Every structure is written in structure tokens, then in C-alpha cells.
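To keep things clear, I will list the structure first and then write my remarks on it.
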Amino acid sequence: MIERFLKQTSFTSVEDYNKNLQFIIPEHFNFAYDVMDAWAEEAPEKLALLWTNDQGEEIRATYKQLKEQSDQAAAYLQSLGIGKGDPVMLILKRRYEWWIVMLALCKIGAIVIPATHMLTKHDIVYRNTRASIKAIICVDDPYVTGQIQLAMNESPSVKQYIAITDHGKPIPEGFRDYQSEVVKAPKFERPAFVNNNEDTMIMYFTSGTSGEPKMVAHDYLYAMGHLTTGVFWHNLHEGSLHLTVADTGWGKAVWGKFYGQWFAGATVFVFDHEKFNADTLLRQMEKYKVTSFCAPPTIYRFMIREDLSKYDLSSLQYCCTAGEALNPAVYEKFYEKTGIRMMEGFGQTETTMTLGTFPWMKPKPGSMGIPNAQYDIDLLRADGTPCEDGEKGEIVVRVGDKKPVGLFKGYYRDEEKTREAWHDGIYHTGDMAWRDEDGYYWFEGRIDDVIKSSGYRIGPFEVESALMTHPAVVECAITGVPDDVRGMVVKATVVLGKEWKDKAGDDLIKELQQHVKKETAPYKYPRIIEFVDELPKTISGKIRRVEIRQKDASK
Ligand code: ATP
Ligand code: MG
């Protein structure tokens with residue numbers, strides 16, 4: 001089996017790979033058996049996972065060890081009555097066991113729902129009920145177990161609560177002790193039947209950037225869809241050591257720390273840390289000689305404020321970004337400091353990488369790249385007709401009657417939301433962009449974030465990128481504020497660099513306004529500028545413009 005996948009990696013283009021994809025999809029594709037266990041057989045001693053944490057602990061696991069440990073975990077979960085089609089929620093942060101349990105659940109055909117540790121009792125009850133969660137496996141973090149305990153009485157579907165603690169620590173009330181029980185598991189027997197390709201394998205919540213997170217259901221081929229992410233976008237191969245910065249409760253974790261990377265036979269590097277700090281992260285990359293790196297733009301915005309010459313990053317060869325728009329100024333600064341051209345990608349929890357800059361392309365700073373041939377992508381006007389080059393429209397996937405590999409099945413138990421986004425054979429991303437004459441796509445903004453002011457439509461990204469070229473600005477968000485005359489006026493919420501904080505005042509406001517007028521069409525300049533210490537963000541580090549809008553509206 002693995003040989004067939006390996007051959008794919010010798011394809012030189014995504015087009016080539018996708019043309020052949022239909023011929024290589026096995027009937028009952030299961031990532032854990034067909035990729036991971038196949039690697040364990042073919043290259044047992046190869047390093048699959050290199051895990052470390054803030055305390056300097058380290059775990060190095062080969063493909064063979066991952067097979068053995070995931071078999072054991074699968075047998076344990078089976079012994080608790082968990083099996084095919086059972087929804088299991090994981091709240092494991094970046095604990096090593098997340099990778100093991102993810103594979104184990106895949107092996108027994110259960111539906112895995114990775115979630116963030118920030119959930120409150122209310123969120124947990126909501127998820128338990130909505131998805132009829134059967135078991136929760138969580139970290140032993142007093143906040144997490146505390147919230148779960150509060151939710152227990154109102155969660156009748158949940159039969160098992162399992163905590164993964166540090167050895168020897170007392171187990172919170174109501175939980176089973178994973179560590180001591182898993183080692184006593186019987187020998188794993190692979191079920192005679194595990195899955196069809198269209199069965200649900202994983203459900204992820206969207207980031208909640210624009211509103212309540214939506215629950216996205218993916219089938220078993222979703223894993224296959226990420227071959228492109230790991231092999232063609234991250235440019236990974238055997239010997240690569242790849243680090244993606246993402247909480248395991250965010251879809252980006254399986255984009256960057258799981259399926260595609262292991263398709264490529266690379267080593268996934270995990271740094272389990274409490275709070276992001278650019279210096280600490282860079283030191284880990286230096287120490288472990290990370291070769292390939294991917295993070296949302298917000299991480300790069302903080303990295304370029306560090307003196308990068310302090311670190312030996314000579315092993316680093318390849319850098320990618322996705323999740324939010326990458327401001328050209330950040331691209332240029334990073335290139336200047338490291339000599340590495342960042343390769344941007346675009347996609348959603350609902351998809352695998354949809355647009356991207358591939359290894360054989362020259363990136364255009366500020367552009368997301370070109371369509372992944374896995375999807376039939378187009379830009380549509382509001383009336384549903386296709387845009388010309390240069391014209392702004394919504395990014396859509398033409399699905400027709402055959403769902404492409406990688407696209408979600410729908411929002412779980414929410415037909416209305418599914419139909420809103422996906423109807424008449426077209427999936428609507430809700431994101432606006434335009435295409436240049438070379439076929440590169442340029443992000444404009446989420447449809448909800450586009451500002452209508454005095455008859456103009458203003459995409460926040462362009463104005464944010466203009467502001468970002470001013471040395472005082474670390475981060476900013478552009479939003480519309482209701483206005484009697486103009487309908488909306490443009491507002492900038494700005495985080496200043498440390499050395500600029502005491503200059504926050506009218507002069508700096510004027511200077512920033514003049515700066516934007518010089519950098520982009522003057523009608524877009526922010527008439528209102530507010531300085532703040534921090535922007536409201538999701539756990540995945542995305543700016544929540546909706547929160548700024550709501551706050552302004554309630555004033
Ligand atoms: P929610 O749907 O709950 O509001 P979300 O859309 O942020 O949250 P995700 O699925 O994590 O949830 O993110 C996908 C979105 O991220 C895309 O729809 C797009 O708006 C944004 N995005 C991803 N990559 C890029 C990129 N390269 N440039 C600009 N935006 C991007
Ligand atoms: Mg979304």
C-alpha cells in the first residue's frame with residue numbers, strides 16, 4: 001500500500017497527482033492502517049514524532065512505536081465499549097498521547113472530535129449534547145477537568161471520562177486513569193470491518209472567527225486530501241523535521257501535525273508549551289534543527305520583531321503560512337532576515353488546502369497562490385456569474401455531484417447551515433478574493449468583514465497591509481463603524497511596538513493616516529484610529545474583527 005503513496009510523492013505537480021488520485025484511492029481507506037502501519041512495516045525505525053515541552057522533557061517515537069502504542073490504546077478503548085461510529089471528544093492540548101489516541105480511534109472506526117482546552121462547562125454540555133459524545137479523553141488540567149465535572153450531570157450520552165495525568169498524580173473524581181489502565185489492555189484485534197470511505201472519521205469545530213464555531217464533519221478520505229498539504233505545500237519528505245504551530249483543538253493541527261506530514265514519511269515536531277513566546281519557540285527550532293515550519297501570520301508578526309541573527313536557523317529550509325492573510329510587509333521582513341520566502345496557503349476547517357503556493361512556484365508576496373487541482377475553484381460575483389481576472393468575487397468550490405477528496409460532508413446535524421454554504425453544486429467559502437493574469441489569488445477579506453463606505457467596498461486586508469508597513473505597527477485590525485453620512489467609516493485598531501507606546505496620540509494618528517493614504521488609494525484611509533494593547537483573537541490566533549465591531553456598536 002505505502003508504495004503506491006510513495007510513488008505519488010514523485011509526482012511533480014498537484015495536477016499530475018490529482019489526475020491519478022482516482023486510481024489509487026483504496027476502497028476502505030484508513031489512514032492509521034494504510035499509511036502509519038504501512039510505514040511501521042516498511043521503515044520501522046524511522047522517527048515519526050519528536051515531542052518536547054517547556055520542562056525540557058523529550059519523547060522520540062518511531063513509526064513502529066506509534067503502531068504499537070496506538071494498537072494498545074485502541075485495544076484499551078475497545079475494552080471500554082468504544083467502537084465504530086462512537087463520537088469521542090479529545091481535550092488534550094499538545095500532550096503526546098493526543099497523537100496516539102487519534103490513531104487509536106481511527107483504528108477502531110470511532111469519530112474523533114478534537115477540542116480546545118478553553119471550553120467552559122456550558123460549551124462542553126453543548127458539544128456533548130449536540131454530538132451525542134460517548135467518551136471524553138482529557139488532560140489533567142484543573143480547569144479542564146473542573147469544567148467537565150460541572151458538565152457531567154447534564155451530559156447523559158457520555159459513558160466514559162478518561163484523564164491522562166502525569167504518572168503518580170491523583171485522578172480527578174469521576175475520571176478513569178488512562179496511564180495505569182492502558183498498559184493492562186488486552187492484545188489488539190483489528191475489527192473485521194472498520195470503515196467505508198464516506199463514513200465520518202473526524203469532526204472539528206471552526207475557529208469561531210466570525211461567530212459561533214461550526215461543527216465540521218469529514219470522511220475517511222479527508223486524510224488522503226492532506227497528502228497535498230504535507231507533500232506538495234509543506235514540501236516534506238523522509239528526513240524532514242516539521243513544526244506547525246497549532247493547538248490540537250484547531251483544524252490546523254491535522255493540516256500540519258498529522259496526516260500530510262506522515263504521508264510524506266517526515267518527522268512531526270511538537271513543542272508542548274503553555275504560552276507562546278517567539279524567543280522560546282525560536283530556541284526550540286534551533287536546538288532540534290527544525291527543517292520545515294508552518295505557522296499563522298500572527299506568529300511570524302511576532303518572530304520578525306526578534307533579533308533573528310541571535311539564533312542559528314541554518315537547518316530551516318522551508319516556511320509556510322495559512323489561517324489568515326499574510327501582509328506583504330511581514331513576508332519581506334522575514335525574507336530579509338532569513339533568506340526564506342514564505343509559501344502561503346489558503347483553506348478552511350471545511351477543506352484541505354484549497355489555494356497554495358507550491359514548491360515549483362515563485363511566491364508573490366500578499367498572494368495566497370493558485371488553486372489546488374484537487375478542487376475546481378472559481379470566483380463568483382454576487383449574482384453567481386464568474387468573475388473576470390482582476391475582479392473581486394467569492395471563492396467557491398464547484399462540486400457538481402461528486403464531492404472532491406478533502407471537502408467536508410456538511411456541518412454536523414445542521415442542514416440549514418450546510419445548505420447556506422453549499423447549494424446548487426457549489427460550496428461557498430464566504431471569502432473574497434481576486435485573481436491576477438497569472439492565475440494567482442489575492443485575498444480581499446471575509447464577506448462579513450468587507451466595509452461599504454460612501455459607495456466603495458473596502459477589504460480590510462489591503463488597509464491592514466498598508467498600516468503594517470509603518471514601523472510603529474505590530475498588528476492591526478480594520479473594521480467599519482456605522483456612520484450617518486457615509487454608511488460606514490473605516491476604523492483601525494492598532495497595537496504599537498514597545499518603543500512607540502508613549503507616542504500614542506493625535507500626532508501619531510495623523511502620521512498613520514498619511515501613511516495609509518500614501519500606500520494605498522486614499523479613500524480607504526482609517527478615519528478613526530484606536531490604540532490597544534492587544535487585539536481580540538481566537539485560540540488559533542486569528543483577529544476577531546466581529547468583536548471589535550460589536551463593541552463599537554454597543555458604545
Ligand atoms: P469561523 O468559520 O468559525 O468564523 P474561521 O473561518 O476562522 O472561523 P477556520 O476554518 O479555522 O475558521 O479558518 C478558515 C478561514 O481562515 C478562511 O475562511 C479564511 O477566512 C481564513 N484564511 C485561511 N487562510 C487564509 C489566507 N491565506 N489568507 C487569508 N485568509 C485565510
Ligand atoms: Mg469559517
Side-chain angles (χ1 to χ4, degrees), residues 13-15 17-18 204 206-207 209 222-236 240 242-246 250-261 263-264 266 268 292-301 317-328 330-331 334-335 340-375 377 379 395-397 404-408 427 429-436 438-446 461 540-542:
S13 76
V14 185
E15 276 86 354
Y17 159 63
N18 278 299
Y204 246 115
T206 60
S207 294
T209 309
Y222 173 66
M224 173 87 77
H226 275 305
L227 191 147
T228 313
T229 319
V231 174
F232 293 112
W233 178 42
H234 285 163
N235 198 20
L236 300 173
S240 304
H242 178 79
L243 165 61
T244 276
V245 180
W250 178 27
K252 190 82 193 312
V254 288
W255 275 52
K257 301 156 97 81
F258 208 77
Y259 302 120
Q261 296 62 39
F263 256 117
V268 170
S292 166
F293 179 68
C294 183
T298 176
I299 299 283
Y300 287 102
R301 288 198 285 265
Q317 291 156 8
Y318 212 76
C319 290
C320 297
T321 190
E324 269 195 309
L326 172 69
N327 317 98
V330 177
Y331 173 99
F334 190 75
Y335 178 59
I340 296 177
R341 299 178 201 275
M342 249 188 267
M343 308 300 255
E344 189 171 339
F346 163 91
Q348 303 184 314
T349 310
E350 292 88 337
T351 67
T352 56
M353 194 190 47
T354 321
L355 299 162
T357 316
F358 295 101
W360 51 87
M361 289 165 58
K362 187 153 189 260
K364 295 192 189 187
S367 161
M368 302 180 281
I370 62 167
N372 169 0
Q374 206 168 305
Y375 301 100
I377 290 167
L379 287 176
I395 306 171
V396 300
V397 180
V405 169
L407 186 65
F408 73 141
Y427 169 64
T429 63
D431 290 303
M432 303 274 296
W434 60 278
R435 185 179 49 227
D436 69 17
D438 299 324
Y440 282 58
Y441 282 60
W442 299 75
F443 188 72
E444 180 69 12
R446 291 168 191 258
F461 176 56
S540 42
K542 299 188 193 209

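Keep in mind the model is a prediction, meaning the values are calculated, not measured.
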Q.
Taking salt bridge (charged side-chain N to carboxylate O under 4.0 Å, His left out) as the cut-off, I'd like each qualifying pair that reaches into residues 223-232, sequence neighbours left out, listed once.
A. none
**Q.** salt bridge (charged side-chain N to carboxylate O under 4.0 Å, His left out) against Glu444, all qualifying residues, sequence neighbours excluded
**A.** Lys392
Q | Phe408: which of Tyr222, Tyr204, Tyr427 passes ring pair (Phe, Tyr, Trp, His ring centres under 6.0 Å) | A | Tyr427
Q: Compute whether any side-chain donor of one residue and acceptor of the other, for Gln317 and Asn235, lie under 3.5 angstrom apart.
A: no
Q.
Could you tell me if the side chain of Leu355 sits less than 4.5 Å from the side chain of Tyr440, heavy atoms only?
A. no
Q | Trp434 and Trp442 aromatic ring geometry - parallel, tilted or perpendicular at 30°/60° bounds | A | parallel
Q. Quick one: side chain to side chain donor-acceptor pair (under 3.5 Å) partners of Tyr441, sequence neighbours excluded?
A. Arg435
(Q) Can you classify the ring geometry of His226 versus Tyr259 as parallel (below 30°), tilted (30 to 60°) or perpendicular (above 60°)? (A) parallel
Q: May I have all residue pairs that pass salt bridge (charged side-chain N to carboxylate O under 4.0 Å, His left out) and include part of residues 346-366, sequence neighbours excluded?
A: Lys364-Asp436, Lys364-Asp438
Q.
Tell me every residue that passes side chain to side chain contact (heavy atoms under 4.5 Å, CB included) with Ala322, counting only those two or more places apart in sequence or in another chain.
A. Trp233, Lys252
Q. Just by distance, with hydrogens left out, do Tyr375 and Thr352 show a side-chain donor and acceptor under 3.5 Å apart?
A. yes
Q) Listed by chain and number, what are the side chain to side chain donor-acceptor pair (under 3.5 Å) partners of Ser540, not counting sequence neighbours? A) Ser207, Thr538
Q: Would you check if the distance from the ring center of Phe263 to the ring center of Phe232 is below 6.0 Å?
A: no
